[in-house]
Colleague: 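Shown below is the structure under consideration.
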Amino acid sequence: MVALESTIISHGLPRPENLRVAREVEQVIRNQGAVPATVAIVDGVVLIGLDNGALDRVANDDNVVKASLRDLAWVCAQRGSAATTVAATSHLAHLVGIEVFATGGLGGIHRGARETWDESADLTALGTIPITVVCSGVKSILDVPATLERLETLNVTVAGYGTSEFPGFYLSTTGQPLSARADSPSQVADVIAARRALSVTSALVVANPLPESEQVDPDLHERVLAEGMALAERRRVVGKDVTPFLLDHFHRATDGISLQANERIIVQNSELAARIAVAVSSSKPGT
Ligand code: PSU
Ligand code: MN
């Protein structure tokens, strides 16, 4: 099985592309012989795997909030509906025994965090949840070197997939070197088996870069990011609204170029996660 987060659907991608991408990603996982399980809370009930109606709610209902780990119990007790972040999805997936999880980009340390203290709860969650997350690095709107330092402190293993450099989400690379590299799903499955044997309690991040031909032009990226951050400051966007605000700004300001890259990222990561999940299940004794 492959877990999928739902904040990408509710707060990361615009309508109507969000629902189309959510469905496409599930199909990509099935095509590899794995089972997709998109995670969300609908009317107070945690769902691991969404039917069409639930997926539609997450994509189109304005009352669906963004829930990180701290929000989960609150939303459930209030019978609310929420899309789950990387932190919340990791917790719920691990709870039901799903070992592999696919997303676009992790949250991390925001630029300017020295003043704002804005650090994603994804980081501390990954420090304590033994799950394998396939992503394309952390969102490129973040302070990448600072985020890598925090991941190291939090005991999170970061491996490049087919690369020795940390990918940059919309950008193929950040130029930051990584100490671990994997080149096949079975290699990742071997690492997952060793982690299990050693009772490692933190996450493994498999960082899968977008091919260079599909990345957002780095100059365009830099310009749009600077604009977006200045706008966020002027409009006093804070807390959990920062990430959705910046992603939305990107999608508008690049005329959909970043949206296309974002979609490709999610699809390619889901496919790799499915191949890893299949390798994990075929390497387990008795399966
Ligand atoms: N990556 C994307 N789109 C998103 C996110 C990540 O391509 O919408 C979401 C994820 O759910 C991630 C969250 O966990 O943003 C991080 O938000 P914050 O920075 O507020 O912790
Ligand atoms: Mn934040």
Side-chain angles (χ1 to χ4, degrees), residues 3-15 17-18 21-22 25 38-41 58-59 64-72 82-93 101-127 129 131 133-144 146-147 150-151 156 167-171 203 205 207-210 215-216 221 228-229 232-233 236-251 254 258-270 273:
L4 296 162
E5 61 144 314
S6 46
T7 297
I8 290 181
I9 307 170
S10 64
H11 291 73
L13 299 170
R15 296 169 189 161
E17 285 85 0
N18 59 350
V21 174
V25 155
T38 305
V39 175
I41 302 172
V58 171
V64 171
V65 299
K66 169 180 167 184
S68 193
L69 196 40
R70 67 170 187 173
D71 310 304
L72 283 183
T84 50
T85 64
V86 169
T89 308
S90 298
H91 175 80
L92 295 171
F101 165 26
T103 184
L106 306 176
I109 314 278
H110 282 253
R111 300 186 189 201
R114 267 185 206 81
E115 280 76 44
T116 62
W117 290 79
D118 190 354
E119 279 191 40
S120 176
D122 290 354
L123 296 180
T124 47
L126 295 177
I129 303 170
I131 195 161
V133 187
V134 181
C135 61
S136 295
V138 299
K139 274 159 293 168
S140 49
I141 55 178
L142 301 169
D143 182 337
V144 175
T147 303
R150 286 291 282 149
L151 287 168
V156 176
F169 191 62
Y170 292 138
L171 307 175
V205 171
N208 186 29
L210 202 57
Q215 75 170 351
V216 174
H221 181 271
M229 287 194 321
E233 206 182 317
R236 300 191 201 294
V237 180
V238 295
K240 67 183 186 181
D241 297 332
V242 173
T243 296
F245 178 87
L246 287 175
L247 290 174
D248 179 58
H249 174 74
F250 253 92
H251 298 332
T254 64
S258 69
L259 180 58
Q260 206 179 347
N262 206 340
E263 184 178 332
R264 282 295 306 147
I265 287 167
I266 304 166
V267 169
Q268 67 159 26
N269 294 346
S270 300

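Just so you know, ligand 1 is whichever comes first in the structure, and atom 1 is the first atom listed for that ligand.
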Colleague: Considering only heavy atoms, does Thr243 approach ligand 1 within less than 4.0 Å through its side chain, its backbone, both, or neither?
Modeller: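 The part of Thr243 near ligand 1 is the side chain, not the backbone.
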Colleague: Can you tell me which residue and heavy atom of the protein come closest to atom 16 (C) of ligand 1, and the distance to 0.1 Å?
Modeller: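 Protein heavy atom with the smallest distance to atom 16 (C) of ligand 1: Lys139 NZ, 3.3 Å.
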Colleague: Among protein heavy atoms, which lies nearest atom 7 (O) of ligand 1, and at what distance?
Modeller: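 Ranking protein heavy atoms by distance from atom 7 (O) of ligand 1, first comes Phe169 CZ, 3.1 Å.
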Colleague: For ligand 1, does Val86 get within less than 4.0 Å through its side chain, its backbone, both, or neither, judged by non-hydrogen atoms?
Modeller: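 Both backbone and side chain.
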Colleague: Above 12 or not: heavy atoms from other molecules or residues under 6.0 Å from CZ of Arg70?
Modeller: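 No, the 6.0 Å shell around CZ holds no more than 12 heavy atoms from other groups.
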Colleague: Please indicate whether any nitrogen or oxygen in Lys66 is less than 3.5 Å from any nitrogen or oxygen in ligand 1.
Modeller: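 Looking only at distances, the answer is yes, because the N/O contact criterion of under 3.5 Å is met.
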Colleague: Within Asp118, is some N, O or S atom less than 2.8 Å away from the Mn ion (ligand 2)?
Modeller: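 Under 2.8 Å: Asp118 contacts the Mn ion (ligand 2) through an N, O or S atom.
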Colleague: Show which atoms of ligand 1 fall inside a sub-4.0 Å distance from at least one heavy-atom site of Glu5.
Modeller: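 Those of ligand 1 that fall under 4.0 Å from Glu5 are 6 (C), 10 (C), 11 (O).
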Colleague: Between His110 and Thr116, is any side-chain donor less than 3.5 angstrom from a side-chain acceptor?
Modeller: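 Note: His110 and Thr116 side chains miss the donor-acceptor criterion.
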Colleague: Give the residue and atom name of whichever protein heavy atom lies nearest to atom 8 (O) of ligand 1, and the separation in Å to one decimal.
Modeller: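 Nearest neighbour among protein heavy atoms for atom 8 (O) of ligand 1, to 0.1 Å: Gly12 CA, 3.4 Å.
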Colleague: Does the plane of the ring in Tyr170 sit parallel, tilted or perpendicular to the ring in Phe250? Use 30° and 60° as the thresholds.
Modeller: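 Because their plane-to-plane angle lies in the 30° to 60° range, the rings of Tyr170 and Phe250 count as tilted.
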Colleague: With sequence neighbours excluded, what pairs up with Arg114 under the salt bridge (charged side-chain N to carboxylate O under 4.0 Å, His left out) test?
Modeller: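 Counting only residues at least two positions away or on another chain, Arg114 forms no salt bridge (charged side-chain N to carboxylate O under 4.0 Å, His left out).
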Colleague: For His110, take its heavy atoms, then give the atoms of ligand 1 lying under 4.0 Å from any of them.
Modeller: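 In order of numbering, the contacting atoms are 19 (O).
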Colleague: Who's closest to atom 4 (C) of ligand 1 heavy-atom-wise, of Leu247, Val133, Thr7, Asn262?
Modeller: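 Looking at heavy atoms only, Leu247 sits closest to atom 4 (C) of ligand 1.
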Colleague: Please check if the side chain of Asn269 supplies one atom and the backbone of Ile265 the other of a donor-acceptor pair under 3.5 Å.
Modeller: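 It does hold such a pair.
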Colleague: Taking Lys139 as the fixed residue, which of Leu106, Leu247, Asn262 is the one that meets the side chain to side chain contact (heavy atoms under 4.5 Å, CB included) rule?
Modeller: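 Answer after filtering Leu106, Leu247, Asn262: Leu247.
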Colleague: Does Glu17 CD have over 12 foreign heavy atoms under 6.0 Å away?
Modeller: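 Atom CD in Glu17 is packed in, count exceeds 12.
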Colleague: Measure across Leu13 and His251 and return the closest heavy-atom pair with its distance rounded to 0.1 Å.
Modeller: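 So the two residues come closest at CD2-NE2, 4.4 Å.
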Colleague: Nearest non-hydrogen atom to atom 6 (C) of ligand 1 belongs to which of Gly104, Gly105, Ser120?
Modeller: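 Of the listed residues, Gly105 has the closest heavy atom.
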Colleague: Heavy-atom contacts with Thr85 under 4.0 Å: which atoms of ligand 1 show up? List them by number with element.
Modeller: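 Ligand 1 atoms under the 4.0 Å threshold to Thr85: 11 (O), 14 (O).
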Colleague: Applying a strict 4.0 Å limit to heavy atoms, is Asp122 in contact with ligand 1?
Modeller: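 Right, Asp122 reaches ligand 1.
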